[in-house]
Amino acid sequence: MNTLRNIAWVLFLAPLLALGFAPVPAFAVSAPSERKTAIVFSLYNDDTPLHGVRLSLYDAAGTELGQGVSDKWGQVVLDDAKGGRELRLALPGGSERTVRLPAAMLEMGGDVVYRRVRPGAPFTLELSVASGTGYLWSVTPGGDAKETASEMIPSLRSNVLGAVAGQRLTLVSSSASGQALVQYQRPWEKDALPARWRVLLLEPN
């Protein structure tokens, strides 16, 4: 009986092997591995990347979810650190700042910018926007800087996806040590998550 089974097995395999196919043993099949999601934060001093800043991400209970030090491009990459509510940043000189945002926004990653200002004095931001998409930058009310003007400026550059225009925001700060949140979203989608965000950490000029 075993001999007949072996012959039948050989007759079954022969045409498959001739065509380049081979059976896969059941034990070789494994479940797909879970993919980790990288969260990227970019740190700047005005428009200059900040190197050597320690960034730590914490959840609402104060548990550290991940940390890293910004590279020469000002970037910190955290792997699979979901549920964060607070960023803590420590400059090489010892200065520390804290940023609190909804978890859904922190899981997107974003920009944190140190900006020197004088209270009551206007300052500007120039940010890129994708032409024809409806997305614009705006300052979120309730922070320590108020948006006083917004205007489009000539295209900064172009690529295969279309022109990349610019938007200039004029702000006035009420504090030289506060924060302001700038969001990139469509004006008619105020309740939706922004496509991008940038936190300004205001520093005395």
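It should be emphasised that the depicted structure is a prediction, and the values quoted were computed from it without experimental measurement.
- Listed for the Trp137 side chain is no donor-acceptor partner under 3.5 Å among the backbone atoms of Arg168.
- Using a distance-only test at 3.5 Å, with no hydrogens or angles considered, no donor-acceptor pair links the side chain of Arg118 to the main chain of Ser173.
- Residue Leu169 is not grouped with residue Val199 when hydrophobic side chains (ILVMFWY) are merged at heavy-atom distances under 4.5 angstrom, including chains of intermediate members.
- Arg85 contributes a side-chain N or O that, together with a main-chain N or O of Leu101, makes up a donor-acceptor pair within less than 3.5 Å.
- Note that CG of Asp111 and CZ of Arg196 are 6.5 Å apart. Values are rounded to the nearest 0.5 Å.
- Of the possible donor and acceptor atoms, none in the side chain of Thr170 sits under 3.5 Å from a partner among the backbone N and O of Thr148.
- With contacts defined as side-chain heavy-atom distances shorter than 4.5 Å, the pair Val129/Met152 qualifies.
- With a 4.5 Å cut-off on side-chain heavy atoms, Leu201 and Val112 count as touching.
- Of the possible donor and acceptor atoms, one in the side chain of Asp144 sits under 3.5 Å from a partner among the backbone N and O of Gln179.
- Following chains of ILVMFWY side-chain contacts shorter than 4.5 Å, one cannot reach Trp197 starting from Leu200, and the two form parts of different hydrophobic clusters.
- Residues Val139 and Ala145 come closest through the heavy atom pair CG1-O, 3.5 Å.
- Closest approach of Gln183 and Pro194 over heavy atoms only: OE1-CG, 3.1 Å.
- If you take CZ on Arg100 and CG on Leu87, they are separated by 10.5 Å, rounding to the nearest 0.5 Å.
- The CG atom of Asn205 sits 11.0 Å away from the CZ atom of Phe123 when rounded to the nearest 0.5 Å.
- The OH atom of Tyr44 sits 6.5 Å away from the CD atom of Gln75 when rounded to the nearest 0.5 Å.
- Among residues at least two apart or in separate chains, side-chain hydrogen bond (donor to acceptor under 3.5 Å, both in side chains) pairs with a member in residues 57-73 are Arg54-Gln67, Tyr58-Glu64, Glu64-Gln67.
- Residue Leu89 is not grouped with residue Val77 when hydrophobic side chains (ILVMFWY) are merged at heavy-atom distances under 4.5 angstrom, including chains of intermediate members.
- Not a single donor-acceptor pair under 3.5 Å links the side chain of Arg116 to the backbone N or O of Asn45.
- Lys190 has its side chain within reach of Gln185: a pair of non-hydrogen atoms, C-beta onward, lies under 4.5 Å apart.
- Ile153 and Ala165 make their closest contact through O-CB, 4.4 Å (heavy atoms, listed as atom of the first residue, atom of the second, distance).
- In this structure, the separation between CD on Gln167 and CG on Leu127 is 7.0 Å, given to the nearest 0.5 Å.
- Using a distance-only test at 3.5 Å, with no hydrogens or angles considered, a donor-acceptor pair links the side chain of Arg186 to the main chain of Thr133.
- Contact record, Thr124 with Arg115: O-NH1, 3.0 Å, taken as the closest heavy-atom pair.
- Under a hydrophobic clustering in which Ile, Leu, Val, Met, Phe, Trp and Tyr are joined whenever their side-chain heavy atoms come within less than 4.5 Å, directly or via other members, Tyr184 and Leu43 fall into different clusters.
- In terms of heavy-atom proximity, Ala81 sits nearest to Leu57 at O-CD2, 3.5 Å.
- The two atoms that bring Pro119 and Ser175 nearest to each other are CG-C, 4.2 Å, heavy atoms only.
- Val53 and Val113 fall into different hydrophobic clusters, defined by Ile, Leu, Val, Met, Phe, Trp and Tyr side-chain heavy atoms under 4.5 Å apart, directly or through other members.
- Every residue was checked against the side chain to side chain donor-acceptor pair (under 3.5 Å) condition with Tyr114, not counting sequence neighbours, and none meets it.
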